[in-house]
Structures are given as structure tokens and as C-alpha cells.
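Residues take their numbers from the sequence shown, with the count starting at 1.
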Amino acid sequence: MSISTTGTAENPATDLGFLLHKHPGKVQRFSTAHGEAHVFYPEADAEACTAALLLDVDPVALVRKGRGKGRAGSPDFALAQYVNDRPYAASSLLAVALRTVFRTAMKGVCEARPGLADQPRPLRITLPAVPVGGAPGEGAAVAMAVRLFEPLGWRVEASAIPLDTAFPEWGESRYVRLELSAERGRLADALQQLYVLLPALDGAKHYWVAPDEVDKLLAAGEGWLAGHPERALITRRYLSRRWTLTRRAMERLELARLAEADDREVEEVDNAVDDTTEPTRDQAQDQEQQRAPSLAEQRRTAILDALRETGAARVADLGCGQGELIAALLKDARFTEVLGVDVSVRALSAAARRLRLDRMPERQASRVRLVQGALTYTDARLKGFDAAVLCEVIEHLDLPRLPALEYAVFGAARPSAVVVTTPNAGYNVRWESLPAGRLRHADHRFEWDRAEFRGWADRVAAVYGYTVDIRPVGPGDAEVGAPTQLALFRLDHDGAADAVPANAVTMDSTTPDEGGETR
């Protein structure tokens with residue numbers, strides 16, 4: 001692989017040596033797990049500078065390390081011990097050498113010239129032979145390379161290498177000559193992208209893909225992979241199609257994407273689970289016997305009563321948290337399908353543990369799905385349900401984002417019934433432990449009194465063609481009402497209000513099942 005740049009007398013191209021931490025006047029050698037890596041400069045002056053990385057693979061070491069299957073090595077090498085393409089093509093072997101030789105450069109660190117690593121510069125990267133696995137058909141290998149690199153801003157020149165120049169009728173091989181160029185780019189970003197995309201193009205690694213590969217992928221993909229249109233394909237191929245690791249990586253990438261879209265930290269988005277220690281099962285049973293039904297239990301009972309009233313069989317719990325409502329729904333056989341949706345990976349993991357999905361009988365497990373998603377984006381997975389539930393969800397959104405949720409649920413998903421619960425702000429004065437003017441939860445963005453909630457519910461019903469019934473939940477108070485308020489929306493099939501409001505946000509979210517679903 002070669003990396004080239006151009007420069008001027010004021011900004012010489014030989015700054016590439018500082019960025020790579022390799023002197024242009026020397027040939028340097030580095031030991032790797034599969035042979036010797038050499039770095040040298042075919043050209044180095046103020047106008048143009050090129051650094052080349054050559055990996056001289058030791059075929060004997062390659063065979064020995066690849067002997068066997070599973071954790072002892074890769075079956076690819078066991079089947080082709082003496083003849084394979086690894087010494088001659090830029091695959092996962094070169095990616096590992098890249099990380100070994102240019103580790104500091106990949107981090108964007110240049111202590112000798114502070115600030116140099118952050119300056120974009122002209123870049124051209126040439127790879128004479130890149131294997132592209134799993135892309136059959138004429139031109140498929142070239143198309144795959146373009147799909148992965150072009151969205152990152154690279155100008156891609158890729159040409160297929162024929163199987164044999166003497167026999168052109170044999171067609172193309174699975175190898176491409178690849179040249180990437182950018183007028184302005186950061187070298188660190190380019191190296192990180194190559195580290196991920198070379199194995200992704202190849203589709204096979206020369207070593208066992210362990211769980212720590214997820215962390216390596218996310219570290220190298222920080223800032224670009226979450227927003228890549230082919231992130232699912234890249235993740236799956238980088239992790240050698242290990243579905244458990246792929247799902248874990250996709251969940252974390254989706255969190256990063258949603259956090260970036262909302263201009264928030266990932267920790268702020270993934271905050272649906274309290275870090276306090278959960279009681280044991282025995283402790284929970286003892287507590288259950290000693291106390292009256294909590295407000296949360298009364299709220300779940302009111303929701304279940306409303307759902308039964310509608311006759312719903314397929315229910316989506318939107319913002320399902322740790323799965324308390326889902327557990328209650330599964331106890332009633334009339335609810336034949338339950339979908340739990342939450343933006344928080346931690347919440348979904350806690351829900352899976354609470355529901356004991358891994359030990360649930362097959363028939364029961366077929367009734368429930370847990371998927372990751374943001375309710376402010378339209379999602380095709382939410383369509384077709386009899387009812388949807390937003391239990392203590394809307395108050396966690398900033399008010400300007402509430403119209404996006406309204407459209408995603410009432411306009412796009414459009415279930416026959418929607419149950420919404422939210423705190424009654426007027427009741428807060430009855431909480432002795434709640435200081436005046438404070439909200440009930442640190443993550444609440446607002447809390448409405450009864451008139452405000454009624455006004456919102458009436459408006460949403462009118463816009464999207466529903467009727468609405470407002471009900472109190474919890475112990476009533478003649479002066480301030482009940483602590484929780486519930487709205488039961490029913491689709492008015494005779495209404496004609498199908499228009500999308502002008503302020504609705506209609507961005508699509510298309511998370512692949514393999515990355516967003518937990519069963």
C-alpha cells in the first residue's frame with residue numbers, strides 16, 4: 001500500500017513523515033505476527049511525498065497459525081495450507097500490520113508538530129490488489145469497493161483484475177486495483193477507515209474474531225461508521241458474520257448515531273436504566289406482599305384495562321424501559337404479539353433479563369420481540385399493530401421534538417389505538433418530598449397539568465383522525481386530580497384527517513433486524 005500527498009515550500013509534502021512517525025530518509029522494518037513489515041519512501045520532496053507499506057508474509061508462520069479450526073485458527077487456511085492469496089493481497093493481514101506500524105498516526109497524534117495531524121491535506125492511497133469476497137457477478141467487486149469508500153468522501157478509481165490476462169474469456173477475478181484520492185483529508189481518518197474496510201471488503205479474517213473485536217471496530221469507526229449508509233454490511237463482514245457480535249456492535253452504533261443526531265452524549269441517550277442495585281427475586285416478592293399497589297402498578301393496570309377495552313391483540317410498547325409492562329402483557333393470552341421498543345441498549349438488556357428470554361418456552365418467546373429504535377423517527381417495524389403504548393415517555397422529550405414523535409406514532413405507524421400516560425403536574429404539590437417547582441424525574445423535560453394534557457391530546461386527535469378519552473390514574477384528589485393522567489386514542493375510521501402537519505419531522509430510521517432486534 002502507498003500513501004501519497006503533495007505540498008509547497010511553506011507546507012512541504014515531507015510533513016507526511018511527521019504524521020506517520022517514519023523518517024523519509026530511512027527504510028524501516030517491523031516484526032508482525034505473520035512476517036516483516038517494511039516502510040520506505042519511493043519519493044520525498046517538498047512537492048510530492050509517498051510512503052509505502054510492504055508486508056512480507058512468512059507463509060510457514062501463516063500455515064502454522066492457521067492450522068485447525070475455531071479458536072486455534074481459521075478454517076480458510078486449513079483448507080488451503082500451501083496455496084493462498086494472503087501474501088499477495090491487501091486483506092486483514094495488511095490491516096493488522098497497518099495498526100502495528102502506524103498505531104500513533106491512527107490516533108492522530110504528532111507530538112513533534114502539534115496541530116499538524118488535524119490539518120487536512122491532499123491524499124492518494126493506492127492498493128494494487130484488494131480481495132473482495134462474496135461479490136459474484138461482473139463488476140460486483142468494483143461496485144462493492146465503491147459502496148464502502150465513496151460515502152466517506154473518497155474519489156474511487158477501481159478496476160477489476162482479470163483471472164488471467166492470457167485468457168480474457170475467463171472473466172474477472174475477485175481482486176481489484178484500488179486508488180483513493182481526496183483533495184482535503186486527515187491522514188488519521190484515512191488509516192482508521194482502511195483498518196476497518198480492508199477486512200470488510202475481504203469478508204474473511206485470518207484470526208479468530210473474539211468479542212474484543214467489537215471494541216476495535218467501534219474505536220476505529222468513531223466519527224464515521226455510525227453514519228455510513230452501509231454500516232450494517234461493514235459491521236457484519238468485519239466481524240466475520242458472527243451474529244452475536246454483529247448485533248452488539250449495531251446496537252452501539254445506533255446509539256452513537258442517535259446521540260449525534262440529537263447533539264447529545266451517548267450516556268445521555270442510554271439513560272433509561274437506573275444504576276441502583278436491583279433487589280433479588282425473594283426480596284421483590286417480600287416487598288410485594290408487604291405494600292399496597294404502587295403508582296407504577298396502578299398505571300400498568302389502567303393501561304391493561306384500556307388495551308382490553310380496545311380488543312387489541314398485537315401491542316407495541318414504545319419506550320419499554322426494563323420491560324415491566326411487557327411482562328404484564330405476556331401474562332394475558334389475549335395479547336398474541338408484543339413488541340418492545342427503546343433507544344437504550346441497557347434498558348433492552350435489562351428487559352431481556354427481567355423477561356428471561358433466554359429461558360422462555362418457545363411458544364411464549366414467539367410472542368415477544370425487543371428492538372432498538374428512536375420514537376422521533378418513522379420506523380416501518382411499528383406499522384400494523386392494533387395498539388401502541390407510550391407509558392411515561394413523552395415527558396422525556398424536548399418539546400420541539402414532540403411533533404416528530406406525534407407523526408412517527410399517530411401519522412406513520414398509525415395503530416388503531418394509542419394509550420398515553422404522563423404525570424399530572426398539578427398533583428406535584430401533594431408530594432411532600434418534592435421541592436416546589438421541581439419535576440418528578442431529573443430527565444423530565446416538562447410536566448403538564450390536566451388542562452395542558454387535554455389540549456395536547458385534543459390537538460393530536462384532531463390532526464391525525466383519532467378520538468380521545470382522558471382518564472385519571474391513581475388516588476384522586478378533589479382539588480388537583482390524580483397523580484397520573486391517561487389518554488386513550490382510538491382511530492376514527494370515518495375521519496379524513498390524514499394530512500401531515502407542517503412541523504412534523506419525517507426522517508426515516510432503517511435499522512436492520514440483525515442489528516436492532518433481541519429475541
Determine the interplanar angle of the Phe453 and Trp456 rings, folded into 0 to 90°, and report it as parallel if under 30°, tilted if 30 to 60°, perpendicular if over 60°.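 Parallel.
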Does the side chain to side chain contact (heavy atoms under 4.5 Å, CB included) test come out yes or no for Leu233 and Arg237, once each step is laid out? CA-CA 6 Å; Leu233 174 70; Arg237 292 171 68 93; 3.5 Å; yes
Can you establish whether the number of heavy atoms outside Glu309 located under 6.0 Å from its atom CD is more than 12?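 Yes.
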Using a cut-off of 6.0 Å, state whether more than 12 heavy atoms not belonging to Arg308 lie near its atom CZ.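 Enclosed.
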Hey, mind stepping through Arg299 and Glu324 against salt bridge (Lys or Arg N to Asp or Glu O under 4.0 Å) and telling me if it holds? CA-CA 11 Å; Arg299 190 160 47 232; Glu324 296 92 340; over 6 Å; no
Which pair of non-hydrogen atoms, one from [X] and one from [Y], has the smallest distance, and what is that distance?
| X | Y | result |
| --- | --- | --- |
| Gly465 | Leu491 | O-CD1, 3.5 Å |
| Glu172 | Gly139 | OE1-N, 3.0 Å |
| Ile326 | Val368 | CG2-CG2, 3.9 Å |
| Tyr195 | Leu98 | N-CD2, 4.0 Å |
| Ala306 | Val419 | CB-CG2, 4.2 Å |
| Leu329 | Phe335 | O-CD1, 3.5 Å |

Does some side-chain heavy atom of [Y] sit less than 4.5 Å from a side-chain heavy atom of [X]?
| X | Y | result |
| --- | --- | --- |
| Arg367 | Thr336 | no |
| Asp379 | Val371 | no |
| Arg450 | Pro472 | no |
| Val341 | Leu382 | yes |
| Ile303 | Leu486 | yes |

List the steps, then state whether salt bridge (Lys or Arg N to Asp or Glu O under 4.0 Å) holds for Glu213 with Lys216. CA-CA 5 Å; Glu213 288 297 311; Lys216 293 179 184 178; 3.1 Å; yes
Could you pull out all residues at least two apart from Phe410 that satisfy ring-ring contact (aromatic ring centres under 6.0 Å, His included)?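 Phe410 satisfies ring-ring contact (aromatic ring centres under 6.0 Å, His included) with Tyr466, Phe489 only.
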Criterion side chain to side chain contact (heavy atoms under 4.5 Å, CB included) on Cys320 and Leu348, from CA distance to verdict: CA-CA 8 Å; Cys320 64; Leu348 292 172; 4.0 Å; yes
I'd like to know if the side chain of Arg471 reaches the main chain of Leu488, judged simply by a donor and an acceptor atom lying under 3.5 Å from each other, with no hydrogens or angles considered.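 Checking the backbone N and O of Leu488 against the side chain of Arg471, no donor-acceptor pair under 3.5 Å is found.
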Any residue meeting side chain to side chain contact (heavy atoms under 4.5 Å, CB included) with Asp449, in chain and number order, not counting sequence neighbours: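 By the side chain to side chain contact (heavy atoms under 4.5 Å, CB included) rule, Asp449 matches Asn424, Ala451, Glu452.
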Ala249: partners by side chain to side chain contact (heavy atoms under 4.5 Å, CB included), with sequence neighbours left out: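 For Ala249 the side chain to side chain contact (heavy atoms under 4.5 Å, CB included) partners, ignoring immediate neighbours, are Val214, Leu217, Thr235, Leu239.
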How many angstroms lie between atom CG of Leu201 and atom CG of Leu178, to the nearest 0.5 angstrom?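 Here the interatomic distance stands at 7.5 Å.
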Does either side chain, that of Trp224 or that of Gln192, offer a donor lying less than 3.5 Å from an acceptor on the other one?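 No - no donor-acceptor pair under 3.5 Å links their side chains.
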